[in-house]
Amino acid sequence: KIVGSATIDVSANVLCMLGLQVVGSGVYQVLYSSVVCFTALFSTCVLRKSHSMLQWLGIVAIAFGLGLTSHDSVPDHPEHGTTFMAGILVTLLGCIG
C-alpha cells in the first residue's frame, strides 16, 4: 500500500514540475489552487462524504474564479497555444494525483 501511494505521489510531483516548466509560475500557482476542488470532489465520490449547499457553492465559486483567472493567461499565438494547453493538462493531472 505504501509503495503504491508513494509512486502516485512522486508521479504527481513530476507532472506538476513538468507543467511548471511549460506554463510558468503564475499560471501554475492558479492551477495548483484547484487541489481544493479536486479534494472536495474525491471526498464526495470516494469517501461518500456529503457537503452542504453552501459548501458546494463555495467549491463552484473557487472553480469559477480559477477558470476566470487562468483564462487571461492563454497565449495569443496559436503555435504556442497547444504547448501551453498541454502544460495546463499535465499540471492538472499532477494536481489530481
Side-chain angles (χ1 to χ4, degrees):
K1 289 184 177 183
I2 292 175
V3 173
S5 295
T7 303
I8 291 171
D9 188 49
V10 169
S11 300
N13 281 319
V14 167
L15 288 173
C16 282
M17 291 302 111
L18 288 173
L20 174 62
Q21 294 294 320
V22 175
V23 298
S25 61
V27 175
Y28 171 80
Q29 191 61 40
V30 170
L31 292 173
Y32 195 75
S33 298
S34 68
V35 168
V36 174
C37 298
F38 289 125
T39 302
L41 291 173
F42 287 151
S43 71
T44 301
C45 296
V46 177
L47 301 176
R48 307 252 189 249
K49 183 178 182 201
S50 62
H51 298 291
S52 69
M53 188 59 73
L54 188 60
Q55 289 172 326
W56 279 116
L57 183 65
I59 293 166
V60 169
I62 290 170
F64 180 75
L66 291 172
L68 193 64
T69 304
S70 62
H71 181 284
D72 292 337
S73 302
V74 177
D76 294 333
H77 304 293
E79 63 271 6
H80 298 297
T82 54
T83 304
F84 192 78
M85 293 307 286
I88 287 175
L89 181 64
V90 167
T91 303
L92 286 175
L93 285 173
C95 291
I96 291 172

Name every donor-acceptor pair, under 3.5 Å, that has one atom in a side chain of residues 33-44 and the other anywhere in the protein, sequence neighbours excluded.
from, atom 1, to, atom 2, distance (Å)
Ser33, OG, Gln29, O, 2.9
Ser34, OG, Leu31, O, 2.5
Thr39, OG1, Val35, O, 2.8
Ser43, OG, Thr39, O, 3.4
Ser43, OG, Ala40, O, 2.8
Ser43, OG, His51, NE2, 3.1
Thr44, OG1, Ala40, O, 3.0
Thr44, OG1, His51, NE2, 3.1

Single-linkage hydrophobic cluster [X]~[Y], side-chain heavy atoms < 4.5 angstrom:
X	Y	answer
Tyr32	Ile96	yes
Val14	Leu93	yes
Val30	Phe84	no

Kindly compute the distance separating CG (Asn13) from CD1 (Ile8), expressed to the nearest 0.5 Å.
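So the CG of Asn13 and the CD1 of Ile8 are separated by 12.5 Å.
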Distance (rounded to the nearest 0.5 Å) between Ile59 CD1 and Gln55 CD:
7.0 Å
Taking the side chain as every heavy atom from C-beta outward, state whether [X] and [Y] have any atom pair closer than 4.5 Å.
X	Y	result
Val23	Thr91	yes
Ile62	Leu66	yes
Ile88	Met85	yes

When you look at CG of Leu54, are more than 12 heavy atoms from neighbouring residues, nucleotides or ligands closer to it than 6.0 Å?
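No, CG of Leu54 has 12 or fewer neighbouring heavy atoms, counting only those of other groups under 6.0 Å.
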Using every non-hydrogen atom in the two residues, find where Cys16 and Gly94 come nearest and quote the distance to one decimal.
SG-C, 3.6 Å
